[in-house]
Amino acid sequence: MSGNVASIRSATLVVIGNGMVGHHCVEQLVELGALSRYEIHVFGEERQRAYDRVHLSEYFAGRDAESLALGVAELYQQPGLHLHLDTPVLEIDRQRKEVVTRDGRTRYDQLILATGSFPFVPPITGAEGTSRLVYRTLEDLDAIRQAAEGARCGVVVGGGLLGLEAANALKSLGLQAHVVEFAPRLMPVQLDEQGGAALRAQIEALGVGVHLSRATTAITPGESCRWRMQFADGEHLETDLVVFSAGIRPQDALARQAGLHIAERGGVVVDEYCRSNDADIYAIGECASWNGSVFGLVAPGYRMARSVAAQLTDQPCEPFTGADMSTKLKLLGVDVGSIGDAHGVTPGSRSYRFIDELSGSYRRLVVSADGKQVLGAVLVGDNSYYDTLLQYALNGIRLPKDPSSLILPQSEGVVALGAEALPDAAIICSCHNVSKGAVCCQVADGVTELGALKAITRAGTGCGGCSALLKQVFEHELSARGIAVDKSLCEHFAHTRQELYGIVRVEGITRFEELLERHGRGSIGCDICKPAVGSILASCWNEPVMDPALVPLQDTNDTFMANMQKNGTYSVVPRIAGGEITPDKLIVLGEVARKYDLYTKITGGQRIDLFGAQLHELPAIWGELIAAGFETGHAYGKSLRTVKSCVGSTWCRYGVQDSVGMALHLEHRYKGLRAPHKIKFGVSGCTRECAEAQSKDIGVIATDSGWNLYVAGNGGMRPRHAELFATDLDDQTLVRYIDRFLMFYVRTADRLQRTSVWRESLDGGLDYLKQVIIDDSLGLAAELEAQMQLVIDRYECEWANALQDPEKLKRFRTFVNAAGADPDIRFVTERGQRRPATPSELTLIPATEEVL
């Protein structure tokens with residue numbers, strides 16, 4: 001069969017470049033049947049086949065080249081398709097229609113340039129070696145990793161998208177990271193002045209130094225570090241390595257050599273069908289210049305690739321007429337979004353702005369002069385608004401009467417755009433050009449699973465930014481056609497977490513095996529359902545997680561009742577309710593830390609964290625702590641973590657209530673509660689809010705008449721303000737409302753869903769929640785309070801329980817067949833305490849030293 005096909009092929013197609021765009025073009029060619037007419041040769045400069053550059057930074061988080069690879073290796077093993085890796089093309093001979101490599105010449109009938117771009121490095125005196133690194137390929141990242149060995153500080157030149165990604169990479173390698181930007185703000189192309197300021201504040205809060213309006217004039221040997229960066233203003237910055245991310249340039253050297261037309265600012269000049277001035281040569285992706293513009297995102301490159309593949313297989317195609325350059329991403333853990341005319345340069349345009357200095361969030365909405373259409377937007381700190389704003393902008397959807405509602409906090413009336421409001425032409429997935437209509441057609445053809453939809457359309461498999469909207473549109477279309485939406489917890493349970501919680505409560509089920517036998521499939525469960533059911537059982541019956549029936553359901557942290565750290569040791573976090581601690585207990589903590597040589601740190605939740613304990617040491621450490629009156633702090637569990645408090649009226653001249661006393665009461669009341677996610681409280685003794693209660697799941701603020709209750713806030717990756725729920729409550733009413741709120745959350749939330757996300761998902765919002773909790777509209781108040789009381793009555797310290805059971809203590813051994821420590825765990829001393837040794841430091845530590 002393959003011989004017959006080969007004999008039919010009458011032409012040779014060469015693709016130069018095996019990056020994301022080049023690979024996508026090859027996939028499209030194969031899918032459209034190009035192998036029936038072309039012998040295809042793909043030449044790539046790198047040793048690895050095409051990989052995902054969008055998620056390149058994950059290489060430092062443990063992903064390898066193979067896990068980042070695009071598609072399957074078998075694609076390039078088909079007859080007629082030849083992949084030449086580590087084979088740069090040296091010359092294009094247009095006269096003979098051949099490409100030249102070190103291995104010889106390859107003839108072509110059609111040629112596709114997908115050579116991408118290269119990082120621009122300014123001509124700076126002294127930039128060489130570890131002071132001239134770039135962030136573009138896996139080899140570049142290997143060079144950065146090597147340069148980081150033994151280093152303390154790293155600088156990234158360039159505060160754009162890739163620059164901030166590179167800064168995050170340096171942080172992940174354990175370096176003190178700095179960003180140096182020539183412009184007066186970060187991400188100057190995407191963000192306006194206020195957006196850049198908001199991003200800077202958030203990034204500096206993460207410990208990254210930001211240096212704006214700085215031009216580097218020279219790099220010289222440093223005094224305290226390897227290098228010193230000299231700035232034009234006379235200032236300097238010392239660093240051990242320098243990564244340049246000051247923009248990209250089209251990789252058009254081959255095209256220049258071949259005599260193709262090159263745009264003024266670089267890039268192969270192409271028409272709307274991606275053709276160069278040579279009718280047999282196309283250019284796609286970042287090496288192509290259309291209408292004077294080079295498009296540095298993957299989605300436009302994919303569009304070009306699809307267009308060329310269609311032309312070469314005689315399929316209908318749409319001309320390339322530019323692309324939307326809107327972006328949504330997370331930089332150093334900070335949400336950043338930019339849509340359309342983010343700077344408001346359109347004549348007559350008007351802007352709405354929302355600034356939250358407390359959380360560092362900033363949103364700008366740019367609308368047309370008549371106030372009817374979205375032209376652009378800027379988001380910093382919260383991208384939950386992005387999908388809605390993008391669809392308004394792309395599809396010309398008429399704005400609501402008050403456009404500002406689109407960027408106001410949800411508690412103030414944000415207008416979310418439902419799937420039903422989107423036209424069929426609305427693009428859901430820009431990377432693979434999948435419209436809402438295409439999703440609906442797949443449902444009409446019988447696709448009822450999201451995984452199958454992704455496999456067929458490839459939507460959601462590119463950058464991943466469309467995943468939430470894709471799921472929303474897909475499930476809406478299923479429901480509209482009367483098809484039940486599958487919300488199974490996993491393959492073993494055709495129920496949601498809420499449904500399983502109800503089953504466990506009603507039927508009194510206390511064991512995973514019993515639940516699986518009665519209401520599930522299979523015999524062992526999986527990593528999704530076992531922890532979820534373990535949490536439900538703990539929430540309902542509050543049995544110790546170390547009980548034999550529950551241990552197999554737990555992850556590592558819950559199994560050993562401690563948080564595992566990056567070097568395989570564990571942290572010990574005793575409960576310090578309300579942050580109040582006696583001198584005697586402080587002395588015990590100091591003595592234990594000194595005895596076991598534990599790194600000691602005070603946390604943001606007013607507790608003391610002891611790091612570096614090995615597995616076999618945990619029982620001995622906890623034995624001493626419990627003897628001194630401490631309890632487990634549940635730092636490892638999806639449960640109540642801390643109740644933060646100020647000193648309140650006991651000491652503070654501004655305090656109006658005893659915040660410490662209330663914090664102690666609340667922490668001891670709820671310390672045994674297991675929940676879908678971790679829970680944090682804050683209690684402030686006055687409106688000055690020193691305990692930061694309005695950023696907690698439960699916030700309590702004293703008033704002259706009692707307590708104001710705030711609910712459903714959180715810090716972390718997606719900060720949310722808590723919402724004012726009730727005012728001037730007495731002690732008893734406050735506790736009663738908290739009981740009901742927490743148990744209603746435990747009963748109805750999804751797995752791993754924080755209180756803020758759960759609150760946002762409730763139909764009717766905060767008003768509905770008030771009706772349930774305050775007005776008892778569902779008649780559940782007494783039942784919720786009784787459930788909470790059961791949890792409270794059954795509390796016992798999990799570590800105290802484990803120490804009394806020899807069988808449970810058998811788990812705390814590093815090696816099954818031997819007692820003692822793990823000899824591979826090594827430490828170094830820094831600032832008077834030990835910390836995990838880095839890979840480079842391990843080579844310097846004699847095997848007999850610093851081994852516990």
Side-chain angles (χ1 to χ4, degrees), residues 535 538-539 542 545 557-558 561-563 565 570-582 585-586 589 600-611 622 625-626 629-648 650 657-685 689-702 707 709-722 734-735 738-739 741-742 745-746 752 754-756 788 791-792 795 797-799:
S535 173
S539 296
N542 203 14
V545 295
N557 289 350
D558 259 322
M561 298 185 297
N563 281 330
Q565 304 303 315
Y570 293 82
S571 64
V572 174
V573 189
R575 185 172 301 284
I576 301 177
E580 182 181 78
I581 189 168
T582 64
K585 285 188 173 182
L586 270 176
L589 287 176
T600 309
K601 184 181 185 304
I602 296 175
T603 73
Q606 297 179 331
R607 299 198 293 192
I608 295 177
D609 221 339
L610 309 176
F611 291 86
W622 274 106
L625 294 176
I626 287 172
F630 287 103
E631 294 178 328
T632 178
H634 282 103
Y636 48 84
K638 297 294 184 282
S639 55
L640 175 68
R641 295 290 182 86
T642 61
V643 179
K644 187 175 182 178
S645 76
C646 64
V647 295
T650 306
Q657 300 290 347
D658 180 9
S659 57
V660 176
M662 178 56 72
L664 290 169
H665 177 64
L666 295 177
E667 184 154 356
H668 285 302
R669 181 171 182 82
Y670 303 115
K671 61 188 178 184
L673 178 66
R674 290 281 175 154
H677 211 293
K678 62 185 176 185
I679 302 170
K680 296 183 179 181
F681 284 33
V683 183
S684 289
E689 250 285 70
C690 293
E692 301 168 334
Q694 291 177 77
S695 63
K696 302 294 190 290
D697 299 272
I698 297 291
V700 179
I701 300 177
W707 306 97
L709 173 61
Y710 292 78
V711 299
N714 64 257
M717 187 177 296
R718 188 179 174 222
R720 283 287 182 273
H721 270 185
L734 173 69
V735 171
I738 295 174
D739 280 358
F741 174 86
L742 290 176
Y745 160 65
V746 168
L752 301 178
R754 297 206 69 164
T755 58
S756 60
M788 181 61 76
V791 170
I792 293 167
Y795 171 79
C797 173
E798 291 167 354
W799 262 110

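In what follows, residues are counted from 1 in the order of the sequence shown.
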Legend entry - By side-chain contact (heavy atoms from CB on, under 4.5 Å) - contacts of V573 (at least two apart): S571, R607, D609, A635
Inset, instruction - Go through the structure and list residues passing side-chain contact (heavy atoms from CB on, under 4.5 Å) with E689, not counting sequence neighbours. - result: S684, A693, Q694, I701
Inset, instruction - May I ask you to decide if G713's main-chain N or O and S756's side chain share a donor-acceptor pair within less than 3.5 Å? - result: no
Inset, instruction - Name all residues meeting the side-chain contact (heavy atoms from CB on, under 4.5 Å) criterion together with Q606; count only those two or more places apart in sequence or in a different chain, and write none if there are none. - result: K644, S645
Inset, instruction - Compute both the distance and the angle, then confirm whether K601 meets the cation-pi test with F611: under 6.0 Å from the six-membered ring centre, within 45 degrees of the axis. - result: no
Legend entry - Heavy-atom check, side chain of I679 versus side chain of Y670, under 4.5 Å: no
Legend entry - D697 to T755 - nearest heavy-atom pair and separation: OD1-OG1, 2.5 Å
Inset, instruction - Evaluate whether atom CG of L586 has more than 12 neighbouring non-hydrogen atoms of other residues, nucleotides or ligands under 6.0 angstrom away. - result: yes
Legend entry - salt bridge (Lys or Arg N to Asp or Glu O under 4.0 Å) partner of E667, chosen from K680, R575, R641: R575
Legend entry - T642 vs T603 side-chain heavy atoms within contact, under 4.5 Å: no
Legend entry - Within the 6.0 Å centroid threshold, strictly below: Y570 and Y636: no
Inset, instruction - Report yes if the side chains of E798 and W622 come closer than 4.5 Å at any heavy-atom pair, otherwise no. - result: no
